[in-house]
**Q** 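Could you have a look at this structure, given as structure tokens, before my questions?
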Amino acid sequence: MTLVSPSLLAADFLHLDQDIQMINRSEADWLHLDVMDGSFVPNISFGFPVLEAVAKACKKPLDVHFMIEKPERYIQQTAKLGAMMMNVHQEACLHLHRTIQEIHQAGMKAGVTLNPATPVSVLEDVICDVDMVLLMSVNPGFGGQKFIENTIQKVKRLRQLINESGSRALIEVDGGVQGETAPRLVAAGVDVLVSGSYVFKASNPEDIIHQLRSL
Ligand code: DX5
Ligand code: ZN
């Protein structure tokens with residue numbers, strides 16, 4: 001079974017309540033929330049006022065993906081939301097090991113995210129300290145982009161690093177996950193699929209979540 005974390009970025013922001021009720025009814029394992037700052041990535045999405053409202057309504061564990069500079073500034077605020085997982089970009093953290101420790105101390109699971117150009121090998125010395133590695137399969141900042149094919153090889157390299165190190169980290173992939181790419185990602189060793197437009201733009205999103213979960 002594959003875990004599925006639908007990305008709210010592709011939801012209808014005028015009717016978030018309806019989309020969150022759909023997520024609550026669905027088999028989704030988590031809800032993926034994309035926070036952007038217009039600096040680390042060229043786009044701005046939503047911040048804490050929206051996250052707080054979503055956290056109140058959503059019954060699924062929150063998988064928060066920070067695409068921001070110095071995400072360590074928001075560890076306490078994220079813990080207060082009740083987030084299950086805080087994902088920070090390796091490229092945005094000068095003291096990644098400390099940030100991972102602080103996320104754990106705040107009572108959350110720690111995920112480290114890698115941009116498409118960042119090699120898996122940068123994680124060698126923290127792989128046993130993280131709960132999840134999130135591989136970006138598009139350049140972060142926007143939904144609905146084309147899947148970067150190199151991700152498949154990268155998942156295999158990450159799976160090897162995890163196995164060799166004895167780490168228990170999950171592998172999550174984010175960007176361009178749809179009917180054609182999802183089975184290949186799972187075959188390569190992915191544990192958690194993030195999917196935005198493929199889920200929310202579908203005529204039956206709950207069915208799509210069910211299909212992804214069955215891979
Ligand atoms: C992109 C975000 C993704 C985005 C994925 O920067 O991190 O979570 O919502 O969207 P799709 O699934 O449409 O590629
Ligand atoms: Zn994301």
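For ligands, and for the atoms within them, numbers begin at 1 and follow the listed sequence.
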**Q** List the steps, then state whether side-chain contact (heavy atoms from CB on, under 4.5 Å) holds for F46 with V54.
**A** CA-CA 11 Å; F46 44 74; V54 169; over 6 Å; no
**Q** Output yes when the distance from some N or O of ligand 1 to some N or O of S197 is under 3.5 Å, and no in every other case.
**A**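 Yes, since at least one N or O of S197 sits under 3.5 Å from an N or O of ligand 1.
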**Q** Output yes when the distance from some N or O of ligand 1 to some N or O of L9 is under 3.5 Å, and no in every other case.
**A**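 There is no such contact.
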**Q** If you measure from the Lys or Arg side-chain nitrogens to the Asp or Glu carboxylate oxygens, is any gap between R184 and E180 under 4.0 Å?
**A**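 Yes.
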**Q** Would the distance check show the side chain of Q178 and the main-chain N or O of T181 forming a donor-acceptor pair, the cut-off being under 3.5 Å?
**A**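 Yes.
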**Q** Could you go through H89 and T113, starting from their C-alpha distance and side-chain angles, then the distance that decides it, and tell me whether this counts as side-chain contact (heavy atoms from CB on, under 4.5 Å)?
**A** CA-CA 4 Å; H89 271 258; T113 311; 3.4 Å; yes
**Q** With a cut-off of 4.0 Å, which atoms of ligand 1 are near a heavy atom of M67?
**A**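 So the answer, numbered in order with elements, is 6 (O), 7 (O).
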**Q** Which is it for Q178 and ligand 1 at heavy atoms under 4.0 Å: side chain, backbone, both or neither?
**A**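 Neither; nothing of Q178 gets under 4.0 Å from ligand 1.
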**Q** Which atoms form the tightest heavy-atom contact between T99 and I75, and what is the distance?
**A**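 Scanning both residues, the minimum pair turns out to be O-CD1, 4.0 Å.
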**Q** For G143, take its heavy atoms, then give the atoms of ligand 1 lying under 4.0 Å from any of them.
**A**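 Listed by number with element: 10 (O), 13 (O).
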**Q** Before moving on, can you tell me the angle at the Zn ion (ligand 2) between the OD1 atom of D34 and the ND1 atom of H65, to the nearest 10 degrees?
**A**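 If I round to 10°, I get 90°.
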**Q** Between P6 and V4, is there a side-chain heavy-atom distance shorter than 4.5 Å?
**A**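 Side-chain contact under 4.5 Å: yes.
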**Q** Heavy atoms only: which of G175, A10, S5, G141 lies closest to atom 6 (O) of ligand 1?
**A**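 Of the listed residues, G141 has the closest heavy atom.
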**Q** I'd like to check which ligand 1 atoms, numbered from 1 as shown, lie under 4.0 Å from a non-hydrogen atom of S195.
**A**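 Checking each atom against S195, I get 12 (O).
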**Q** Indicate yes or no: at least one non-hydrogen side-chain atom of I148 is less than 4.5 angstrom from one of N139.
**A**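 I148 reaches N139 side chain to side chain.
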**Q** To the nearest 0.5 Å, how far apart are CD in Q76 and CD1 in I103?
**A**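 Q76 atom CD to I103 atom CD1 measures 10.5 Å (nearest 0.5 Å).
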**Q** Run the numbers for me: atoms of ligand 1, each under 4.0 Å from some heavy atom of H65, listed by number.
**A**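 Close to H65: 7 (O).
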**Q** From N24 CG over to L31 CG, what is the distance, rounded to the nearest 0.5 angstrom?
**A**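 N24 CG to L31 CG: 8.5 Å, rounded to 0.5 Å.
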**Q** At their closest point, which heavy atom of D34 faces which heavy atom of H65, and how far apart are they?
**A**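 So the two residues come closest at OD1-ND1, 3.0 Å.
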**Q** Is R159 paired with D191 through a side-chain N to carboxylate O contact shorter than 4.0 Å?
**A**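 Salt bridge: yes.
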**Q** Taking the non-hydrogen atoms of Y198, is any one of them nearer than 4.0 angstrom to ligand 1?
**A**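 Distance cut 4.0 Å: Y198 fails for ligand 1.
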**Q** Can you find an N or O of G176 that's nearer than 3.5 Å to an N or O of ligand 1?
**A**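 Yes - when backbone and side-chain N and O of G176 are compared with those of ligand 1, one distance drops under 3.5 Å.
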**Q** With heavy atoms under 4.0 Å as the rule, classify the contact between S7 and ligand 1 as side chain, backbone, both or neither.
**A**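 The answer is the side chain.
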**Q** Using a strict cut-off of 4.0 Å, indicate which atoms of ligand 1 neighbour a heavy atom of G144.
**A**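 Once the distances to G144 are compared, the set is 10 (O), 11 (P), 13 (O), 14 (O).
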**Q** Just distances here: any N/O of M136 and N/O of ligand 1 closer than 3.5 Å?
**A**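 N/O-N/O distance under 3.5 Å: no.
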**Q** Under 4.0 Å from a heavy atom of H32: which atoms of ligand 1 are those, numbered in the order shown and with their elements?
**A**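 In order of number, 8 (O).
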**Q** Using every non-hydrogen atom in the two residues, find where D129 and H104 come nearest and quote the distance to one decimal.
**A**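 Smallest interatomic distance, heavy atoms only, reads O-CE1, 3.1 Å.
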**Q** As an exercise, identify every atom of ligand 1 less than 4.0 angstrom from a heavy atom of P140.
**A**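 Selected atoms, number and element: 6 (O).
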**Q** What's the OD2-the Zn ion (ligand 2)-NE2 angle here (D174, H32), rounded to 10 degrees?
**A**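 Rounding to the nearest 10 degrees gives 100°.
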**Q** Under 3.5 Å, N or O to N or O, is G196 touching ligand 1 that way?
**A**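 Among all N and O atoms of G196, at least one is under 3.5 Å from an N or O of ligand 1.
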**Q** So is D174 polar-close to ligand 1, meaning N/O to N/O under 3.5 Å?
**A**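 Checking ligand 1 against D174, an N or O pair does fall under 3.5 Å apart.
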**Q** For atom 1 (C) of ligand 1, grab the closest protein heavy atom and report residue, atom and distance to one decimal in Å.
**A**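 Protein heavy atom with the smallest distance to atom 1 (C) of ligand 1: F142 O, 3.5 Å.
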